[in-house]
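Below is one structure, written out as structure tokens, with a few remarks after it.
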Amino acid sequence: MTLKVERLVVEHGAIRAIDGISFEVAEGSLAAVIGSNGAGKTTLLRTLSGLKDAKLGKVSWMGRDITGMKPEDLVRRGLSHVSEGKSVIPELTVKENLALGGLWRNNKSELAQSIEEVVELFPRLGERMSQRADTLSGGERQMLAIGRAHVSKPSLLLLDEPSLGLAPLVVEQIFQTISMLCRDRGITVLLVEQNALGALAIADTGIIVNLGTVVAQGDAKELIDDPALRSAYLGY
Amino acid sequence: MQQVINVFLIGISIGSIYALMSLALVLVWRSTRVVNFAQAGQAIVTTYIAWEVVNRSGSFLMAFILAVAIGGLIGGLVESGMMRTLFKHASDGPVAAVAPVIATLGLLGVIRALVGLIWTNEGKRFESPVSTAGFVIGDTTLPFSRLNLLIIFTAAFVMIVFSIVFQRTNLGLALRAAAYNPEIARLSGVKVSMTRTIGWVFAGAAGAVAGILLSPNDSLTPYSLDVLFVFGFVAAVIGGLESLVGAVVGGLVLGVGLSFITFYLGTSLVFPTAFIVLVVVLLVRPSGLFGVKGARSA
Amino acid sequence: MLKQKRDKSSKREHNPYRRRLLFFILLGWGLLLLGDRVSELRVYQGALIAIYALAIGSLILLTGYSGQLSLGQGAFMAIGAYAAALTQIYLQPPLIVTFIAAVVVAALFGAIIGGGAARLSGPYLAGTTLALALGLPTLANLFSFLGGETGLYFDVGIAPERFGAEFTLYKWFFWIAALATLIMLFFIQNILKSRYGRAWKAGRSNPAAAQLVGLQVGRRKVLAFTISAGVAGLAGALLGMVSLVAPSTFTLSLSFAIITGAVLAGLTSLTGSILGGLVLVVIPEIAEMVSGNFGESEAVTANFPGLITSLLLILTVLFTPNGPAEQWHHHKEKKKQKALEKAH
Ligand SMILES: Nc1ncnc2c1ncn2[C@@H]1O[C@H](COP(=O)(O)OP(=O)(O)OP(=O)(O)O)[C@@H](O)[C@H]1O
Ligand SMILES: [Mg+2]
């Protein structure tokens, strides 16, 4: 078991966004977190990556307690978070955005190699290296955000709604890439999505959250087929 | 025509000093979203130190290097000592919004008082390292002097160094990323608390250069850089407060403009003009000539 | 038990106006009695305290209740002082009219500046008003009727004869300053407790919410700026009266001193403003004593007060981010709540 979340409680002032969530994600597997608006998915990811402090509970990664650690330190331990809404810096060029992810390693040749890998994953970025990120399309920005995280060489990748606002074809492509990152590169992925069907289709396990609590978790295929969950939470 | 060129060059010379102060303010703003009202105060300390060094060793270059180094050090200390404590205690009360302004004003007061205690409030004369007599072409003496030339070259040198650091180095990338989006920068592994301090260090150094360039041939007192702060602020606002290039251009534009005002309308109109420019820019184009829209209300 | 308490407090609020009036009358009477018992220098300092308290009050009105920080109170004070001096020189109306003129002219400028300022926030407003404070006094050199660096002399004459022959000029200054300050602070207090005052406060702590309930925050900000400038103008006229109406009186240091006083006073409590004024006058006094121990060094006398007040300023803002008064209030509320929780 590599990522382990135990009885996590997170509050925004008076609002309790995460109300005692526990789950585990096995090393090298792809877990999808599904829930409707305001379920607490973003808050969960932000707490895992250290942007937000937990009130109670514990998060451990590879057997180590990482609760309360800072994001910049967690990156160095292999945890990369692609935050909600195309997390790129529009004022920087595509290349600079990618380089940013590898700054902490301070190794030029490794960086160049990582960027090359990203170009292999997303050829469209390769043609736009010196363009400013704000000239990219929404889909390209999402690719860039994932690319940036990839340059950090993560062993655990946290993705917050990568499909948000993208055309079905692009969503398909991005999901394929995510799946590939997990299957071929052995990266553990925690994928937050509202697109339940798409996410569960590529996931090994699913975690369904509502109002800050886990309402169901288990094998992704079984969750898809569960008629009760379907109508109540998955919405199809 | 010749006179116009002259006035223009002198404007560039003084404007490049404003540009440096403006650069310092923008560096601090970008790193911590604070306008440092003590920026000129910090520069006063380093200018006095430079004066002391010039007096004792006669070496302007040594004075310059020392002042810049100490200027950076002071900036770093202020950020890691005072500003960090301030943000740790910060709340969302009414006073909290103006707390950074008050704190940096307090710092300005402390610095001035300490400088006055050490060096007294009496004006000190800072000898220029080079001739202040105008260049002679044929049989006309220009107001433009070797000192003006030195100022322009020094300022240009500092700006080039900054632009290389910011555009070409890893540190520069980290600094820019942290300024534009601290959260994404942190998620990418940038230690934002460090980039904040570095922003203040760079600002302290830039301010030190501005102070040392403004002071030769002038009387140096604990208050003599107040005006530099205001012009630096106006320049920064013209440039949009976010943009390093904007800061420099703002400084040069202001310097040249005020130089023409001084020459053709008299010194007493310099301040009112600067004030009107400030107000007009803030009201008509609040994001500055280089700024991003909607950045102003922070 | 709880109910009883509420009843009591509502009764107390029943006539706050009269209570405040009584407080100010008693305060004034006490001050005047004191004025007869102390030396001439103390009387002069008393006048200064009153003037600073008024200026601090004007800033508290602005910052504490509309969230705007102006570094340019000194500029509005200058405007009031010049307006008063010019009125007195050219028109020689009764004294009260002169002071009213100072208020009106300063308020007018305040309205103009406030119109722009309402759209600015935080450091932008601070920077702009700083430029104003530094730049405005230089205008005195631009127009000859403003007297240049030497400035103008604002002559309020000597005290009327019915006060007796022993009534010195400084006592007369003190009377005018103390009376004007008390009346003005009383007015400000009432404004702040009024509907308008509450509206300002709402706009300050949450502009979005205030906008929602239909308060025009922008217009209120301008109004706050206008009134604040008018009050500062009166303080300036009084300061011009006891010193000189010249650029050297209305320096940036004056503006900073006012801010220091206001921050120490708590920025949200008007009653603190008198304390703030006291601090501004007492600290130089202490500095003089200290510098005596150092052999009367001029550098010490000139800089020690600045050092102490600035240090106080930093410490105050670092450790009581909401101002000492609010912090104290907060503390008391918490205690009360705890006591209530216990009772339940
Ligand atoms: N910064 C914040 N301040 C206050 N409340 C917040 C904040 N962020 C989130 N919340 C609240 O916490 C709850 C969970 O929000 P969160 O953003 O985690 O949901 P989500 O599942 O990501 O929703 P969505 O699918 O719409 O992105 C919501 O009720 C939200 O209003
Ligand atoms: Mg979300």
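Note on naming: letters A, B, ... go to the chains in the order of the sequence lines (proteins, then strands), and numbering restarts at 1 for each one.
When only modelled atom types and interatomic distance are considered, B/Arg84 and B/Thr197 share a side-chain donor-acceptor pair under 3.5 Å. A donor and an acceptor atom, one from each side chain of B/Trp200 and B/Thr32, are located under 3.5 Å apart. Side-chain contact annotation: C/Thr63 with C/Gln68, donor-acceptor N/O pair under 3.5 Å absent. With hydrogens and angles left out, the side-chain atoms of C/Thr129 and C/Gln73 include no donor and acceptor closer than 3.5 Å.
With a threshold of 4.5 angstrom between heavy atoms, B/Phe231 does not approach chain C through any atom at all. Proximity to chain C (any heavy atom under 4.5 Å) is shown, for B/Ile111, by neither the backbone nor the side chain. Only the side chain of C/Leu139 comes within contact range of chain B, judged by heavy atoms closer than 4.5 Å. For chain B, the nearby parts of C/Thr128 are the backbone and the side chain; heavy atoms of each come within less than 4.5 Å. Heavy-atom distances place no part of C/Thr260 under 4.5 Å from chain B, backbone and side chain included. Both the backbone and the side chain of B/Val110 come within less than 4.5 Å of a heavy atom in chain C. Only the side chain of C/Leu252 has a heavy atom closer than 4.5 Å to any heavy atom of chain B. Only the side chain of B/Leu278 has a heavy atom closer than 4.5 Å to any heavy atom of chain C. With a 4.5 angstrom heavy-atom cutoff, C/Leu307 touches chain B via backbone and side-chain atoms both.
Between B/Tyr48 and B/Trp119, the ring-plane angle classifies as parallel under the 30° and 60° cut-offs.
Heavy-atom pairs under 4.5 Å with chain B were tallied for C/Leu132, C/Thr138, C/Leu311; the largest tally goes to C/Leu132. Listed options B/Ser268, B/Gly266, B/Pro222 were ranked by heavy-atom pairs under 4.5 angstrom with chain C; first place goes to B/Ser268. For chain C, the option among B/Leu117, B/Val101, B/Leu269, B/Thr267 with the highest count of heavy-atom pairs below 4.5 Å is B/Leu117. In terms of heavy-atom pairs under 4.5 angstrom with chain C, the leader among B/Asn121, B/Thr104, B/Val35, B/Thr120 is B/Asn121.
B/Tyr264 OH: more than 12 foreign heavy atoms inside a 6.0 Å radius.
Taking a cutoff of 4.0 Å between a charged side-chain nitrogen and a carboxylate oxygen, B/Asp218 and B/Lys124 do not qualify as a salt bridge.
Residues C/Phe76 and C/Ile113 have side chains in contact (heavy-atom distance under 4.5 Å, counting atoms from C-beta outward).
Note that B/Arg196 lies in the cation-pi zone of B/Phe87, set by a 6.0 Å cut-off to the ring centre and a 45° limit from the axis.
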